[in-house]
Amino acid sequence: QVQLVESGGGLVQAGGSLRLSCAASGRFFSSGAMGWFRQPPGKEREFVGAISRSGSSSHFSDSVKGRFTISRDDAKSTVALQMNILKPEDTAVYYCAASKAPFGSSSEADYSYWGQGTQVTVSS
């Protein structure tokens, strides 16, 4: 069974930065792409970004493009979401997810495992 545990969330002022980390158990981690999603208060969960199995490619939603980056360290079975120039609208619970496919998808259905989420709050 794969377990994903997010950390690094918290309260930050607008314009600031946060780095979220997701630690994975098991050998599954290096098998596929990893993704980040978020669920703003009162809204549905949405795609943030994903990184390929090899780590050579990533893609992001338009709302975070240019501000967020994703990296992965297969030796440590971790994936990180670096969030810069944060805005109040980035406030959400952030989830990491693991896919069996080599390239990340923006669809939740393509991810097999999910973490419990970590809260990010951006104050204005």
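- Residues M34 and Y94 share a single hydrophobic cluster, defined by chaining ILVMFWY side chains whose heavy atoms lie under 4.5 Å apart.
- For the pair Y95 and Q39, the minimum side-chain heavy-atom distance is below 4.5 Å.
- Once rounded to the nearest 0.5 Å, the distance linking OG of S21 with CD of Q82 reads 11.0 Å.
- Under the 4.5 Å side-chain heavy-atom criterion for grouping Ile, Leu, Val, Met, Phe, Trp and Tyr, L4 is connected to V48 within one hydrophobic cluster.
- Residues S63 and K87 fail the side-chain proximity criterion, which asks for heavy atoms closer than 4.5 Å.
- Atom CD of Q3 is separated from atom OH of Y113 by 11.0 Å, given to the nearest 0.5 angstrom.
- Judged by distance alone, with hydrogens and angles left aside, the side-chain atoms of T118 form no donor-acceptor pair with the main-chain N or O of E6 at under 3.5 Å.
- Here the shortest heavy-atom pairing between S71 and R19 reads OG-NH2, 3.6 Å.
- Counting non-hydrogen atoms of neighbouring residues, nucleotides and ligands closer than 6.0 angstrom, the CD atom of Q116 reaches no more than 12 such neighbours.
- Going from atom CZ of R45 over to atom CZ of R38 covers 13.5 Å, rounded to the nearest 0.5 Å.
- Hydrophobic clustering (side-chain heavy atoms under 4.5 Å, transitive across Ile, Leu, Val, Met, Phe, Trp, Tyr) groups V12 together with L81.
- Atom OG of residue S56 and atom CZ of residue R72 lie 10.0 Å apart, to the nearest 0.5 angstrom.
- Hydrophobic cluster membership differs between F37 and V64, with clusters built from Ile, Leu, Val, Met, Phe, Trp and Tyr side chains linked at under 4.5 angstrom.
- A salt bridge links D62 with K65; the closest basic N to acidic carboxylate O contact falls under 4.0 Å.
- Screening W36, F68, F47 for a ring-ring contact (aromatic ring centres under 6.0 Å, His included) with H59, the sole residue that qualifies is F47.
- Remark: R53 CZ to S57 OG distance equals 11.0 Å, nearest 0.5 Å.
- S124 approaches A14 most closely through the heavy-atom pair CA-CB, 4.3 Å.
- For the pair W114 and E108, the minimum side-chain heavy-atom distance is below 4.5 Å.
- Residues S105 and S107 bring no donor and acceptor atom of their side chains to less than 3.5 Å of each other.
- Rounding to the nearest 0.5 Å gives a distance of 4.5 Å between CE of M83 and CG of L18.
- T91 places a side-chain heavy atom less than 4.5 Å from the side chain of Q119.
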